[in-house]
Structure formats: structure tokens, C-alpha cells
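What follows is one structure encoded as C-alpha cells, with my remarks underneath.
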Amino acid sequence: MEKKMKNKTSVATQEGDRCPDNSAFKQQRLPAWKPQLTIASVLSSFFLTGAFCLAVGVCLVLSANSVREIQIDYSDKCSDCSKLRENSSNWNKECHCSINFTLKEDILGDVFMYYGLQNFYQNHRRYMMSRSDAQLLGRNVNRSYCAPFSTYRNGTPMAPCGAIANSMFNDTIDLFYNGNSSVIQVPLLKTGNSWWTDKNVKFRNPKSHNLSSAFAGTAHPPYWQKPVYLLDEEDERNNGYVNDDFIVWMRVSAFATFRNLYRRLRRTRHFADGLPAGNYTFRISYNFPVTRFKGRKHVILSTVVWSGGSNPFLGIAYVVSGAAATLTGFVITGIHLKLRKKKTYFQKQ
Amino acid sequence: CNRGKVRKRKKKNENKRVIISNLPFGSKKWKENPNRYYDSNEIKTTKYTILTFLPKNIYEQFHRLANIYFVFIALLNFVPVVNAFQPEVSVIPICVIMAMTAIKDAWEDFRRYKLDKEINHMGCYIYSREEHAYVEKCWKDVRVGDFVQLQCNEIIPADILLLHSSDQNGICHLETANLDGETNLKQRRVVMGFSSQNTLFEPEFFQNTIICEMPNNDLNKFKGYMEQPNNERVGFNIESLLLRGCTIRNTEAAAGIVIYAGHETKAMLNNSGPRYKRSRIERRMNRDIFLCVGLLFVMCLVGAVGHGIWTGKFWEHPPYDVPDENGNFASPVLAGFYMFLAMIILLQILIPISLYVSIELVKLGQVFLIHNDIDLYDEEADLPIQCRALNITEDLGQIQYIFSDKTGTLTENKMVFRRCTIDGIEFSHQENAKRLETHKELDLDDEDFAKLQLLTLPPMTLERAAPFGHSTVRPLRRCQSARARFQGHTRSRSVGRRDSSQSQVAFSSSIEKDVAPDSRLLRRVREAALQTESLSPTHTKTSTSLTDFFLALAICNTVLVSTATEPRQRVTIPPPIKPSGITLEKIHQIFQRLKLASLSQSFSSSQSSSDLGASFSAKNTEEPLAGLESCDNDNDNDSGGRGQELQDKGSTDIGSTSLDEVFKSVTNSSLPAAFCYEAESPDEAALVYAAQAYSFTLVSRTPEQVTVQLPQGTLLTFHILYTLGFDSVRKRMSVVVRHPLTNEIVVYTKGADSVIMDLLDDSAKGDISAEKRLKRIKEKTQKHLDYYARDGLRTLCIAKKVLSEDDFQKWANFRREAEAAIDNREELLMETAQHLETKLTLLGATGIEDRLQDGVPDTIVALREAGIQIWVLTGDKQETAVNIAYSCKLLNQRDTVFTINTENRETCESLLNLTLEEVRKNYEFDKPRRKFFGIIPTSCSASEAPSPEFGLVVDGRTLNIIFQGGLEEKFLALTRLCRSVLCCRSTPLQKSMVVKLVRRQLKVMTLSIGDGANDVSMIQAADVGIGISGQEGMQAVMASDFAISRFKHLKKLLLVHGHWCYARLAKMVIYFFYKNVCYVNLLFWYQFFCGFSGSTMIDYWQMIFFNLFFTSVPPLLFGVLDKDVSAETLLGLPELYKNGQNSEIYNLSTFIITMLDAFYQSLICFFVPYLMYKDSDIEVFSFGNPINTISLLTILLHQALEMKTWRTVFTGVFKVHFCLAFYLIFSLIYNSACVLCNPPSSPYWIMERQLTDPIFYLLCLITPAIALLPRFFILALRGTFGASLVLKAQQVEKLPKGQQDLEIQKLRSRKEAPSAVSHRHTENQGLSASEGNPLRRRTPEEGFCFFNRWAEEESAATDSSVGPLSGHHPLVPIRETAPGQDGGKLTKDYPNSFNCGSHRRSVSSVTL
């Protein structure tokens, strides 16, 4: 008896050793949901998608249409300035030009002023790489990626280094409202145009008791007219690396045609509701040469809505795809009905 | 001496091997030993050593083109002009991948190393000069020239020339199952001159020089000679060579000198190394990778040219065109070239580097799941499936050809006695059939088995005889306990060693050994036995033929008897019977007296039988119940009548002792001597066991005499006068014995029914009634035989002939002359044999079942339905193979079977042509009809006769001709039209050649399955090799890719796992291509907007992560877990397998479609955000981020569309969510954690900002929707209106259970309508048809070929009471010309050319 028992248990353990577990996972019997593309689910999905997209698309198109935007190309309007800038030896000669335009309607709400560049390939690979984020954090580090805009021949390091910083957009644009009696300078905010994180985390000036000493021993990039610590002499917190214009420029644009936020309307007094209709003048200090590479410069005034700027594309995309989905739904319905007829026809036979 | 050495070495170069004894050379003089050049016995199958691993492995890995590519890319990163971001980082992926592969390789090699070590350290006895005795040493220490002694059941360590055997005749028995899969024992003879030495073999006196051939892989050929000191030469051949890997059986000890060792042994030379297998998908993948490389090249070229043009546009360098470090600008052409290189780096992920890792991981997962499938677990052997190859799982789903071994693969290699017919009376052996059925469930618990036997056979209990209880149940226990032990050993066996004590005796598993006797027959036997015993003159004819029948079964064979105790020894003298306390002599005395007594008493038969019956019943109730000694009260005579008491009684008062007591005592006493029978063919063993079941126990056998124990316990010793062995021409064997009781000379003949039936003596010398009776018996027997054959049983006829003393003397003289003849001795011997075997009296016939393994026919039918062609390649006889083919439904009774046996090239060619023509004709004839049926509804076509299917049988010699004569193409053309092909009598090499031929010429996926070492080459030659871990050693398993324990497992392995693995992996591969093309194109489109400068809008790390994690994990899980169709449906609808066979999921068109889709999707994913953000103040990475997110969503949703099952836990919704969440979390952390992580690009706070932007969300909604719309549309169309079988099956699965089965049946019948339905119809017909198995009637002769065709015969079974000869007459081949003669006339004659409605068998025979 005992032997038998032993035998049995040994057999049992033997089996237990190698017999695979009878678990749902190992036997591939996990509960599963198998979606079936039945005619009902397919049709409903198409129609629902279509309806949804159409609705969203209409909303988007409407909101995009509510955006007011004025874009002025000033690269040709200041032809003498552009010609001046074509010769790089004239870099320290100042050149101003004014551009007049008329607002027929008020632009209500927050108004943003952009400068736009065309055919300026900020996204060029080597250009994109030519920067040193560490330096911009205020650290004194090896700036290998900045080459050849890293140091001057004499060894003086550039601050900031790299091609991006070197080619910074350095036109100054001021906006004047030509009122009935007088010309009022439209109050514009030059801070708060960059991302908060950029301004407070990503860009830091080197630590020192004042800025000029912090940048002592460095030189401004070759294309610059003034050193980095003089970018905004009025506002200490907008100077050096944390200058908003600089930060915005350093955020490399995705396309060759782009705009960068330059100023925001400060809604006070006369401009509390936005820009009233009337005549305006842009007074531009023309420094940034674009004609050499067939570039163009714009200045843009625009409002913003929740769905972005004036580009209606997203709305159109929604409308079109919504329409397409609905149409597909109808096509499938058509095929289905036709086939069903045929089937019954066959069956009758 | 020195000169001699030179000569010897010279000889070594002359394709001769010279071996002398190692003994004169001690360790000191080893350098002078001529044997030192030969391989040692240490084997090494590992690829690497610790030192060579790294370089060798890296070298091997570079064979994979992709690795070279990736290394090239990694190195390219270090080229300064391309301005790579971080060259160091780019090295990481390729390093990871190569390291993983290396680890895998190292592990595999380590496993081999361990195995080698184990084999190398097995023990054996080598003669040591120092100790003058055999000392135990390891296998690896065996050297050529050593003397090795082998014990019984030991495995032979090297190829050894047999010089000594403990057997008096110098014979040593060998089991070669490990090598060639044949389970019968082979005889090896001591080299001539050594056998005569009766003294112990002394190696130290061995001074001969052995000269033999160089090592080769021919298992059946070996020759050489031995030069004795006196320059006398003694030749020897393979008959004296013990081969490595074989097992010594039945010989107590053998000794010999090592001839070949280690890798030079024949066994090792037969093992060609493993082939590196690449799955078909991988091969296809490589092609597509080339396509991708082409695409990449084009894209890079576009980038380079574009950049060159873009740069050349400027007449002055703009500020954004940054010069190099020295302030110089490259010329446009040079810039273009640099850009080309930079673009390669940028777009490198077009070639999915993670694909290789993913595939390996997915395959591991698949292997894990296959390994854990409980359905592929064999309880009996306690073995789950072993997946030895990790990289060809998906090939299982694409198999088009299966090459199967027969013995041990399709069959269990267990011959079981099933039925017999004696004197025209059929004994169906229902009990035995029941036993066989129940056998499986018994699970080897002997006690339960005994009980169950009692339970299942209630009517028999009364009549079941004591001997049954003894001789079957008890030995059964022993066998089973032996088997249990054997099971324990499988564990060690599984690591490659064949334990000597495993299968104790060939053909002696309990299923073969224990035959439950037919109750009716048993009763008759008892009666007959008594009559014989009493020698009553009134005994009837039947009773003698019964006795004769069983005597013939027991005697007419060449079975060796051995005891079950170890070491097994041949029993040459009847064993002493001890336990009862009676010596043999005494028993004999008792019998002598008893005989006298019974003669004088003149028993009436009726009385004795009733007496016996009573005693039997008593016995029966008593014995199985733990065999108590308690006597039963019914039998007044029996008062504890056994043992000592019996002796007393026997000696004192014989007359009062009833016969049954003697019966009992004798059977009791013979009990311990449980005999094991070792036969050359399993049929013989089965017959001996059958005889034993009726208490005709073969007790001992020597060349001179054979002893049989009769039911009543008498030991009859027959003197064997002659044994006429079996040969394939005569197809029968005979023994001539002198009957000890009657002193008659009796010839017992056993053979194929076709032969025996013609040799019967029809005339009964004037006695008309007797003649009639004989005729009737013959007719009846023939009917039974036909029935057996149809049942797939192997039939044998048993006949006898009584010779008069004079006749015998005449014949004996004749025979002696023949034996002494020098010229054409063989023919003379044959003639004498034929002369003797005439005018036989039919005793009966037997039906033996070569038991098919469980579920083999079912599996074969399913596999065939799945579109797989199945070939059987076997070393077995043609008849057996064909028989098995019929019984496992490989061939149909209705099939036309062509047999080609020839040794002549011209004949073979013309035959092939002829057959081909014939088959083609039929196919053409069929085709229009099939089309016609295609239109007509199925119900009509089912009733029509089916198109004939063809089977082809060729043998090894013909195969040789085909291969040598360049007839391969014709052969293949023919086989392609055949339903199945059987290659019989083929050598291992031929098997592999056939597999290679089919694989290469037809470019199909092949699978080989086999269990023996003879299948190893075939297993290795096929795309997928499957080993059956059965009885025949581990070689097949070691060589295989997958090892299963039963053939039926193949069904699930292929149909379910194969399908799944293929579908999963194919989808995954194609998905990987899609994913990478889609993603890389995003980067490519961006080049048009950045002056082809190679910049990216996506951060580098996010890109790497995207490819390595976010989009790799889902397809991984998908590749392991997705199920397009459930296992049940796949098994129910084998047709679904064709999906993988035709590579429907992954082929060029699907690849291109997917690529186009990927292009479309990437276009959408790029241009929708582009158009949205165009002209805005969007920053590069802020633009890239939504694109990245969108493409991730698209890619994941794409997968979700492709996915068929959405598991709640691992895949499906959760997975997509999980990946998205992972992506978001990663992005958020990465984008916020550090500013300077990856200079000079810093995607700081981008994700965070985007998440607060509604446009981001709106974009992420609409873009994937647009991108996936076309695919969804097509899927929806297919899903709702499509007719693909897979989709249908998926829909079926939605239905409730009952309906599901119904639907599956519907689908099946719909699909099979014209052909397969009617097949089933045929099979049913086949069962009822009374057609005997015609194939066994063909006699393939050398140089002859018979080319026979059978049309179906549909007449019902009962109708055919045709005489045995008349029915088969046309089948007897007509010989017209002498063998080997060419240019014989070619006659073609078939009465009815194919006419499916014809109800008669049409035969065509072509004779040359």
C-alpha cells in the first residue's frame, strides 16, 4: 500500500514538474473583446465622426474669421535702408523709415505685434545647432556647438555665442497713432512676450553684482551693434540673456517664413479696448538686412482667439473631413443596400 | 621498425587506416604510436570557446546584413562633416542588439557544452596494461587502439571491432535504434579466428595490425583486414563492427578494439551539423529591407540634390547658412554630398533597427506560449513540447510539405495481436480490442488495470483461465514497473543520454505483451489441450489445428527468449522453476506419470472440460483478488493443491489428482520466469505474445531446439531440424521440427497470405467432403483476411505440413547439397525452400495491428485539408508502409496508387513519363468537370463519383536512380499531381535528399518529422524539423527544432500555433516597416521646409524613444498575444491554415500597399500640422511635438485597427492608453526635467505648453482621423462585405456555441464542395467495400516494375464471396523478360480506363 502511495505521489510530482500551468494566460485564453466591423457599427462610426467634425469645423472657421490681422511688408518700403544694409560696412550707420497705414475698423481686444520674416531659414540644421544653452544659463562653459561664432580670433569669447544669437533680428519698430491733433505713440509692452519658463528658467544672466561686470571679458557677436548687457538699458530684468526679444529670437522658428512676437498692446487710456480705427505709422529703425538672401520683412498686428490666429485651415480640415466621413457613410450604405438586394435575389433563385 | 612506421604513415595517406594495439605503448611511448594521429573519443560540438567567443560571435553576427548596416551608420556618426548630434548615443542601439544576440548564442553554446561534457564523461571499461584488467574510464579517454569491454545494456562509446563475446558462438546482439531507428536486434560476429578461442580474450596478446578503410558515414559498409604476426590476413566487415551509440543487448560481455573514435565514428559522421535556419518571413524581410534601403537611398539623394541646389541659390551666404569652424563654406556639390551622409543618419530608422530585437523577443514569447500549451503536453511521457529552435516559430504556419517517418512517428511501433481466424472460424478478440481501448486511460496503474480488466470483461470472468491470471497479469505488473522506471529515466534522457535501462526489450511494452484472449477461443483451446494431452484417438480435426496453430505461433519464428531480470540473458535451457519448490525433473516426472494415468483413465472430454471450467472459474475469482491462497469450496478436489502438497500427492497418489490441479500448479510455478521475447520483427513478438496468452508459452530457444509450455503445463521440446528464414521473395518462413509426442516431422509455415494461399494443398486425397471442407475453410479465411486488410491489420497466414520420414530425408539431403553448393547457392537454397513449402494445410491466419498513434488519421486529414502535402519517407518495407498509409488515411481505398520499383534509368524514365501522362490525362479530364461542379450546387456533386486521387510509391533504389539519372524534375512533376507520396526502403541520406530536392526545386516550406536517428538528416534538411521524443533515443530530438511526443500534436502545433505565430509575426513585421516608414517620412517632408539641411523638428531623444519604446512595445505584445481566430475555430476549419501557406499577410503586394499607406499617413501627419502652423510664430520643437504625438496616435490606432482581439489587460484599449500615457508622462518629465540634457536642442517645457493649447488637442483629433480614414474604410468594406475565410471565421466566433459548430461545418462544406466532400464519401465507401488490400499482392522484383492501377471497387462487403484466387488473379504480375534486360516491350493494358462510375476494379499493369 505504502509503495503504491509513494508511486502515486511521485507520479503526481512528476507531472507537476513539467505539465504547463493551466492558466488563462499560458493557454492563451485571456478574456478578449473582439470588435466586429458590422454594418451598423461601421455606419454609425462614419456618421458620428462626420457630424462631429462638421460641427467642430464650423466653429473653428467662425472663430478664425473673427481674428483681425494687418500685415505690412516693409522690406521694399524702406528701399534705401535695405540698400544701405546690403553693404555690411555700413553696419553702424543708422537708418529709419516710416510706414503709414489706416485702420478702417477698430481692432478690439489684445493686439499683438509681430515681426515677420520670409525666406529666413532659422530651421537650417547647422544654424539650429549653433547655440549654447549652457551659456545662456549663465554658465561659463565650452561652447563647441557655437563655432565659428564662438570666439574672436583674439580669443575673446562671444556672448551670446552661436549663429542664432549673432543673426538676431535687431530692427526696432514703434507704432504711432495719428490722432486728430497729435501723434500718440501706442504704448507697447516689450516684456511678457516670451514663455515664462524661458524667461525664468532657461535663460539666466551670469551671476555678478551688475550686468556689465558679468559679461566682462566677452564681446558681442560680430553682427551686433551693442553688447548683450545693453539690450534693454531701461529694464534691468529685461537685459542681457533674459531680454525678451533675445529669448524670442532664440526660439528657433519651424519654417522659413515665420513671425515672432515683438510687442503687445498695453491697454491703457486711449487703447483700453484695443486699437481704434484711424491712421497709424510704423517708425522702424532698419538694421536687419534681408535682401541679401531674398528675404522679406513684415510687421504684423493681430488679435488672437482661442483657436489660434487667423489661419482658417484647421476649421476647413474639420469641415472637409467631416464631409468626407459622411459621404463615405453614404457610399457604404449604398453598397450595402445594393448587395443585400443581390443576395436576396440569389437566394430566391 | 622505423621503416614500418613510415610505411604505415604512408598507408594512412592511401585511404587506409592502420591500427595496432595501444597496449605496447605506455604513456611514454605514446609519441611512437601510429594511432596518435587519430581523433580521440572526446566530442566537441560547441562553436566557441571562451577565448574565441567574442571575435567569432561578432564575425558571425556580421553575417546579418542589417548588423553591418547599423554599424556603418553608427560609425558614420563619428565623421565630423555630417555634424551628428551625439555620435556616442547612436552606438548604443546596435550595441544592445548585438549584445543580446551574443548572450543568446552563448547560452545555446553553453548548453551544447554541457551536453558534450555529459557524454564525454560517461563511463566505460578500457583495458589497462598496468592493472592487467579492464578499468573504468570516461568515454573521452577512449583512444583508437584501446581495448574496450562492454557489458549488456551498455552504450557503445566508439566504433569497436568485436574481438570477443561471451556468447559461445561469438555473437553479440546490438540494438541500433539510436542510429537507424530499427528496433530489432542485430547480430554482430566476432572477427573470424577469435570466436574459436574458448579462453578468455587477452588483449595483451593481441599483436595483429588492423587495416581498414578511412572513416566514412556509411552505416552499412565497413571492411578491412587484420594482419597477424605471421602475415596471415583475416578479413572482416560491418558484421564485426560495434557502432557508437548502439546498445549491447543479450550479451553478457563483449570486447573489442577501438577503430574509430569521437567525430570519426560512423554515428557522428552521419550527423551533419545543424543548419542555421532562417524563417521564410525573415528571408522576405531581408528583401524588403533592401527595398527600404533603396527607398532610403532615394530619399537621401533627394535631400542631397535638394541641398546642393538650395545652397547654390544664394550668391551671398545668408546669416542662417553657418560656415564650418574655420569660417569656410562648402561648395554646393560638396555640401550636397555631406548632406547625403547626414541624411542617411537622419533617416536611418527607415531600416527598423528595433525590428530585429523585437522579432527575437516576439519569438521568445511565442516559444514560451507554445511551450506552455497544455494540449501539447504528453502525460504519459511527462513531456511538454520542446522548442529547441527559437527563431522559426512562424514557419510553422507556412508549411506546404510534410515529410514524415513512419515507424514511431505515425505508428507507435507496437505490434498488437488483434484477431485470428482458425479453420475458417473468426475469433474477433473483442476483449482484446476493449483492452486496447481502455489501455490509454489506465495510466499504468497496474492494480487498477487488473481490476478494470475484471470490470470490463464480466462475461469472461467465469471462463477466464488461471494461466491468464498468471501469465498475463503478473508479467504485466513487472513490465509496468519497468516502465515506471523507464519514465524516471526520461528525465536524464532528455538531456541527451540514452539510459541503458530504459526500453528493456524491444517490442515488449505492456500493450504488446498482454493479449486478452478471446473467451470462445480460450475455451476451445482448453478443450483441445486436454484432448492433445490425453492423446485420445478420437480428437477432432479442429482441436489439433487449434493446438497446431498456437504451436506454430510459438515456434515458427526466430524470437529470442530472455528473462526479465538483469542482465538479460538468453534463455537457452528451460528455466528451473523454483518458487513452488518443485524441480524441473520432478515436474517432468509428474507429467510422465500423469500422462500415463490420464491415458489409462481415458478421460471423457466433456467431463474434463466441465471440470476444468469449474476450476478455472475458481481460479479466476481467486487469483485476481490479490492471489490469496485460500481455496474455494466449489472444487472439492482442490484443497490447497500446490507446492509441496502437490509433490506429495503427485508422487504418492497420481490417480486421485485431478488434472486441473496440475494445471494450476504448473502455471503457478512457471510464474516467476517471466519471459521477455526479443524478435527481429515486431510481428513475431506479437505472435509469440498472442500464443502466450493462450498459454502456449515459448520458454526457450536454441538453434537446435525450442521449448514450449502448453496450457496444461507440459513443457514440449521440439527439435528444430531446419529453419527456413524469412525473405522478401518467398515472403514466408518455415521451421521444420520433430514433434516430441507424435514424433512426426512437421513443417510450420507462416507468411503473407498471398503466398500461402497459393501453396495450399487443395486435394484431400479422394475425400470429397474433406476437400469441400478445406475449400470452405480457405474461402472463409480469405474473406477474413480481406476484412483484416481493410481494417489496416497486417495479415499472416499460418500453415502446416506433416512430412513423412522418407520425404524429409530426401529433402534434407537435397537441402544439404544446396547448402554445400558453391555456385548459385542462394538459388538452390531458395529452390529447396520452395520445394518444401508446398501442399500446406491451412491452420489459420492472424491480424496484427501496427498500432497507429492516437489521432494520426485525424491529424493527417486535417493537415491535408489545410493544404499540406504529406509524404512518408520510411526505411520500412513497402507493404508495411502502404498498409500504414491506408490506415492513416494517407491513401484512400479509392486512390490510384502507382508503384515504381526499378533499378534501371531508362525504365524509370519511361515509367515516370507514362505515369505522368496518365495522371495529367486525368487531371485534364477532371478540370472541366470540376468547373462544372463549381457552378452546380454542392448537393449534386457529392453524389457524383469523385475525381480519382493518385498515390505514388517508390523505393530507395528507384530514388537512387531518380537522383543519379537526373530525373528529379519528372519525379517532382509527378509528385505534385499526387495526393501522397511514399518512399519506402530509403536510407537516411535519401530521406534528406528527397527533402532537399523538394525544398529547393519547388521552393516550398518543408517540415520533417521523425523519431529516430535515421531521421536526423531529414529533420535537418527541412525548413522545420520536428522530432518525436519517443522510444528511439534522443538523436532526432537533438537535431530537431521542435520536439513533440506524439504525432497528433502536430495538428495543433501547425494549425493553431503555426497560424498564430505566422499571423502575429507577419503582421508585426509589416507593422514595423509601416511604422518606421511613416515616421521617417515625417522627417523627410520637413526637409523640404528647411533647405534640405537635415534638421529635425523632433528632439533626438524623443525620436529614439519613439522608436524604441512608445511604438515598439505594442507590436511586441501584439506579436505575442494577438489571436485573429480562436484555437477551436482553427482546428475546426483547417482551411484557415492556407492563409499562412500562401503568405497572404506578408507578401510583396501587402508590403507595397502598407508602404503606400504609410506614405499617405505620414503626409497627413505632417501637412495637417504644417498647414495649421504655417506662417505662425511656431517654434521648431513646438511644431514637432504635435507631429510626434499625432504620429504616435496614428500608429497606435493603426495597430488597434489591425488588432483582432483586444485584451483588457495586456493589449487593446489599455495598451493604447498605456502607451499614450507613457508617452505623455515621458514627454512631460523630459521636457521639464532639464534644460541642458541634450544640447544643442532643448525641448524645454514644450509639452507642458502644448497641453494648455486647444489647437494641440484639435489637431490630435483630426489628423489621425484623416490619416486612418482610407484604411478604416477598406477594413469596413471588407468586414461587412468581404468574403475572406478568416473574416468569416471571426464572425462565426461571435455566434453562440452550438451555432458556431454548425457554421463551421457549413463553411467547410462550402469550401470543399467539389473535391473534399466527395472524399469523405469515398472513405465511407472504402470501409464497406470488400476490396482486399491489393498492394500486398505485388511482388516488386529487381529490374521489374509493376505499374498497377486500381480503380475503385464499390461493391458491398457482403456481396463479395469471390474465391481468393479469382479475385486477385489479375494482380499477379506477369513476368516476361529476365531481370535487367532493357528494351522489353511495354504493354499497357487496362480494361476500363478511368470511369468513375464503374463498379469494378480495373487494373493496369505494365511490364518491362
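Just the heavy atoms: all of them, side chains too, but no hydrogens, waters or symmetry mates, feed the values below. In what follows, chains carry the letters A, B, and so on, assigned in the order in which the sequence lines appear, proteins first and then strands, with residues in each chain numbered from 1.
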Any chance you could lay out the side chain to side chain contact (heavy atoms under 4.5 Å, CB included) test for A:F52 and B:I1262, step after step, and finish with the verdict? CA-CA 10 Å; A:F52 172 77; B:I1262 193 69; over 6 Å; no
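- For the atom pair B:D373 CG and A:K26 NZ, the distance stands at 12.0 Å (nearest 0.5 Å).
- Distance CZ/A:F258 to CG/B:D1177: 10.5 Å, rounded to 0.5 Å.
- Ring-plane geometry between A:H124 and B:Y320 is classed as tilted, the angle between the planes lying from 30 to 60 degrees on a 0 to 90 degree scale.
- Only the backbone of B:H371 comes within contact range of chain A, judged by heavy atoms closer than 4.5 Å.
- Interface remark: A:I335 contributes backbone and side-chain atoms alike to the contact with chain B (heavy atom separation under 4.5 Å).
- There is no contact between B:I385 and chain A, counting heavy-atom distances below 4.5 Å.
- Closest approach of B:I1255 and A:S307 over heavy atoms only: CD1-O, 2.9 Å.
- Heavy-atom distances place no part of B:D378 under 4.5 Å from chain A, backbone and side chain included.
- In this structure, the portions of A:Y127 lying under 4.5 Å from any heavy atom of chain B include both its backbone and its side chain.
- Residue contact with chain A, scored on non-hydrogen atoms closer than 4.5 Å, is absent for B:F1092.
- Scanning all heavy atoms of the two residues, the minimum distance from B:L1258 to A:Y318 falls at O-OH, 2.6 Å.
- Contacts between A:Y114 and chain B at a heavy-atom distance below 4.5 Å involve the side chain alone, from C-beta outward.
- Interface remark: A:V290 contributes no atoms to any contact with chain B (heavy atom separation under 4.5 Å).
- A distance-only check finds a donor-acceptor pair linking the side chain of A:N311 to the backbone of B:L1171 [under 3.5 Å].
- With rounding to the nearest 0.5 angstrom, the CG atom of A:N260 is 11.0 Å from the CD1 atom of B:I1178.
- Only the side chain of A:L60 comes within less than 4.5 Å of a heavy atom in chain B; its backbone stays farther off.
- In this structure, A:F330 places its CZ atom where only 12 or fewer heavy-atom neighbours from other residues, nucleotides or ligands lie under 6.0 Å away.
- Contact of B:L1275 with chain A is made through backbone and side chain together, with heavy-atom distances under 4.5 Å.
- Rounding to the nearest 0.5 Å gives a distance of 12.0 Å between OH of B:Y1244 and CG of A:D133.
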Intermediate values then yes/no, side chain to side chain contact (heavy atoms under 4.5 Å, CB included), B:W1060 and A:Q28: CA-CA 11 Å; B:W1060 280 347; A:Q28 309 196 45; 3.5 Å; yes
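- The minimum heavy-atom distance between A:F120 and B:P319, with the atom names listed, is CE1-CG, 3.5 Å.
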Taking it one step at a time, do B:F1272 and A:T328 satisfy side chain to side chain contact (heavy atoms under 4.5 Å, CB included)? CA-CA 11 Å; B:F1272 185 66; A:T328 319; over 6 Å; no
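- Taking chain A as the reference chain and counting heavy-atom pairs below 4.5 Å, the highest number among B:T1263, B:L1261, B:L1259 is found for B:L1261.
- With a 4.5 angstrom heavy-atom cutoff, B:M1097 does not touch chain A via any of its atoms.
- Only the side chain of A:S321 comes within less than 4.5 Å of a heavy atom of chain B; its backbone N, CA, C and O stay farther away.
- Only the side chain of A:S45 comes within less than 4.5 Å of a heavy atom in chain B; its backbone stays farther off.
- In terms of heavy-atom pairs under 4.5 angstrom with chain B, the leader among A:G295, A:P148, A:S253, A:P312 is A:P148.
- A distance of 7.0 Å separates OG1 in A:T197 from CZ in B:R1249, rounded to the nearest 0.5 Å.
- When ring centroids are compared, B:F1183 and A:F255 come within the 6.0 Å threshold.
- Shown here for B:V1180 and A:M128, the closest heavy-atom pair between the two residues is CG1-CE, 3.9 Å.
- How far CG of A:N22 is from CD1 of B:I374: 4.0 Å, rounded to the nearest 0.5 Å.
- B:S1176 touches chain A through its backbone: at least one of N, CA, C or O sits under 4.5 Å from a heavy atom, while the side chain does not.
- A donor-acceptor contact shorter than 3.5 Å links the side chain of A:R259 to the backbone of B:D1175.
- Residue with the most contacts toward chain A among B:P318, B:G1091, B:P323: B:P323 (heavy-atom pairs, distance under 4.5 Å).
- Relative orientation of the A:F46 and B:F1273 rings is perpendicular, given thresholds of 30° and 60° on the angle between their planes.
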For B:D321 and A:F293: C-alpha separation, side-chain torsions, deciding distance, then whether side chain to side chain contact (heavy atoms under 4.5 Å, CB included) applies. CA-CA 10 Å; B:D321 191 8; A:F293 50 87; over 6 Å; no
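- B:W310 and A:Y121 have their aromatic ring centers within a separation under 6.0 angstrom.
- Using a 4.5 Å heavy-atom cutoff, the side chains of B:V1168 and A:F313 are in contact.
- Between B:W1245 and A:V201, the closest side-chain pair of non-hydrogen atoms is not below 4.5 Å.
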